[in-house]
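Written below as structure tokens is the structure these notes are about.
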Amino acid sequence: MSDSKSVKLVDESNGRSSELPLLTGTIGPACIDIAPLYKDTGHFTYDPGFGSTASTKSAITYIDGDQGVLMYRGYPIEQLAEKSSFLEVSYLLLNGELPNKSQFATFENDITHHTMIHESLKRFFEGFHHDAHPMAMLAASVASLSAFYHDDLDVDNAEDRKLAAIRLIAKMPTIAAACYRYSVDWPFRYPRNNLEYVDRFLHMMFEVPSEPLTLSPVAAKALDLLFILHADHEQNASTSTVRLVGSTGANPYASIAAGITALWGPAHGGANEAVLKMLEEIGTPDKVETAVKRAKDKNDNFRLMGFGHRVYKNFDPRAKIIREMCHKVLAELGVNDPLLDVAMKLEEAALKDDYFVERKLYPNVDFYSGIIYKALGIPTEMFTVMFAIARTAGWIAHWIEQHETPGSRIGRPRQLYVGSDKRDYTPMDKR
Ligand code: SDX
């Protein structure tokens, strides 16, 4: 990183100016450091969607939206998808380097031996109705973990941070499976230490008391790949939420729970659930044209869920991988889902339509993922929970990076005030 140059900003209305350092990173756009701006000019910057604003320096993930590039710690997502595993990617995101054999064995052993949750946490679920959305149960349960773990809450202690990261990555599948089991009124399943991460999750999800579950290597591989693809994505809304909450010194469980609630929104991680509901609403390929027309109609708030992205103005590289996976996994599982035909017809129609082409709206990570989750037997309401299991690795990596960065300060944006000017209180009988 070098502050090689600067840019000069002059306010011609009053002649005040500011010499702003230009920060350059390893790759990607340089950043104008606007910290001196208010002191020099009395002005704030204004960028409500943060479309042109870097909130932090980070070494974890790099995205080039124009080229459709995504790299975790410099490794292209295509290579990690083909050659790595979710646990290895989690280690990479947390530590910055791929693990050697003994580092991975230690990490996997740590994760395996932190998968259980306190028995009293299981009683929390009894407070929910069975129709509670799993994301509500997940957010509440994860936030409550700080009530059980008091030995890893010193955010300034590196060992505490590492233990909290291990606990979160290890326990998310256990809690997620409990959310599902509670919603179908099945007894919870304890994590099996003899199973690998994804198989252990599938076992906790689907093993019924009356007979042993036959685990599918195809399902496990597909799910592991989806977890890799969803593990991190730079400063997206939920990761930025985790960082903002973390900047106050909040404990890791509270910070990650905030990320879970941010992810739930249909404009973000909730889109995968919304995509499937949209495909079901469209129903058949011959109804696609109408859906595309509605998505373009400004008087209709219907959007093509799973399309568009704040950063990608090209194909989301994850969507490309998941689309290819769809065909392979459904064929290997012998599943024929007519919604895949609807999705492909929708993609074809949108990518030929000027409205989408002009706005550079392409399928994103959420467009096809739900079709695979459905083929694996995962209910629609659990789709965003799946996203949260994977993104926990990225969230906690960013939370740790933030606490390892010297001089980190509480995040406290300013505003452009458009309310009333000063006025005096008037008694009720005078209003
Ligand atoms: C994720 O940030 C991340 O990295 C997120 C994520 C991650 O891994 O963390 O990648 C995961 O959240 C993926 C996005 C999932 N969301 C959806 O699929 C929901 C549908 N998409 C949109 O709502 C929208 O595209 C966003 C929210 C993703 C991006 O919104 P922006 O950048 O604020 O874009 P915008 O709303 O300003 O749209 C620009 C134009 C508008 O039209 P005009 O005003 O120019 O006429 O494109 C239109 C929008 O109306 N538009 C769409 C559309 N998305 C944008 N029109 C129809 N259908 C859509 N899906």
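In each ligand, atom 1 is the first atom listed, and ligand 1 is the first ligand listed.
Compare I63, L304, N272, L229 by their heavy atoms: the one nearest to atom 58 (N) of ligand 1 is in L304. Across K298, M305, K360, heavy-atom proximity to atom 46 (O) of ligand 1 is greatest for K298. Nearest to atom 36 (O) of ligand 1 by heavy atom, out of R359, E358, R303, is R303.
Counting atoms of ligand 1 from 1 in the listed order, those under 4.0 Å from a heavy atom of R310 are 29 (C), 31 (P), 32 (O), 33 (O). Close approach of ligand 1 to P266 is summarised as follows: ligand atoms under 4.0 Å from at least one heavy atom of the residue are 16 (N), 19 (C).
Note on ligand 1: L361 sits in its first shell, one or more heavy atoms being nearer than 4.0 Å. Taking 4.0 Å as the cut-off, K296 does not count as a neighbour of ligand 1 on heavy-atom distance. Ligand 1 lies within reach of Y355, whose nearest heavy atom is under 4.0 Å from it. In this structure, Q235 does not count as a contact residue of ligand 1, since none of its heavy atoms falls inside 4.0 Å of the ligand.
Ion pairing between E324 and K320 fails under the 4.0 Å rule for side-chain N and carboxylate O.
Looking at H309 against ligand 1, both its backbone and its side chain come within 4.0 Å, counting heavy atoms. The proximity of E234 to ligand 1, defined as any non-hydrogen pair under 4.0 Å, does not occur for either the backbone or the side chain. When heavy-atom distances to ligand 1 are checked against a 4.0 Å cut-off, H230 has no atom that comes that close, whether in backbone or side chain.
Using bins of under 30°, 30° to 60° and over 60° for the plane-to-plane angle, the ring pair Y197/F86 lands in the tilted bin.
Among protein heavy atoms, the minimum distance from atom 16 (N) of ligand 1 is reached at A267 O, 2.9 Å.
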I'd like a table of donor-acceptor pairs (distance under 3.5 Å, sequence neighbours excluded) in which one partner is a side-chain atom from residues 281-289, with atom names and distances.
| residue | atom | partner | partner atom | Å |
| --- | --- | --- | --- | --- |
| E281 | OE2 | R294 | NH1 | 3.3 |
| T284 | OG1 | D286 | OD1 | 2.3 |

Please evaluate residues F188 and F125 with respect to the criterion ring pair (Phe, Tyr, Trp, His ring centres under 6.0 Å), reporting the C-alpha separation (whole Å), side-chain torsions for both, the decisive distance (0.1 Å), and the verdict. CA-CA 11 Å; F188 294 165; F125 288 87; 5.3 Å; yes
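For residues 66-77, no pair satisfies side chain to side chain donor-acceptor pair (under 3.5 Å), with sequence neighbours left out.
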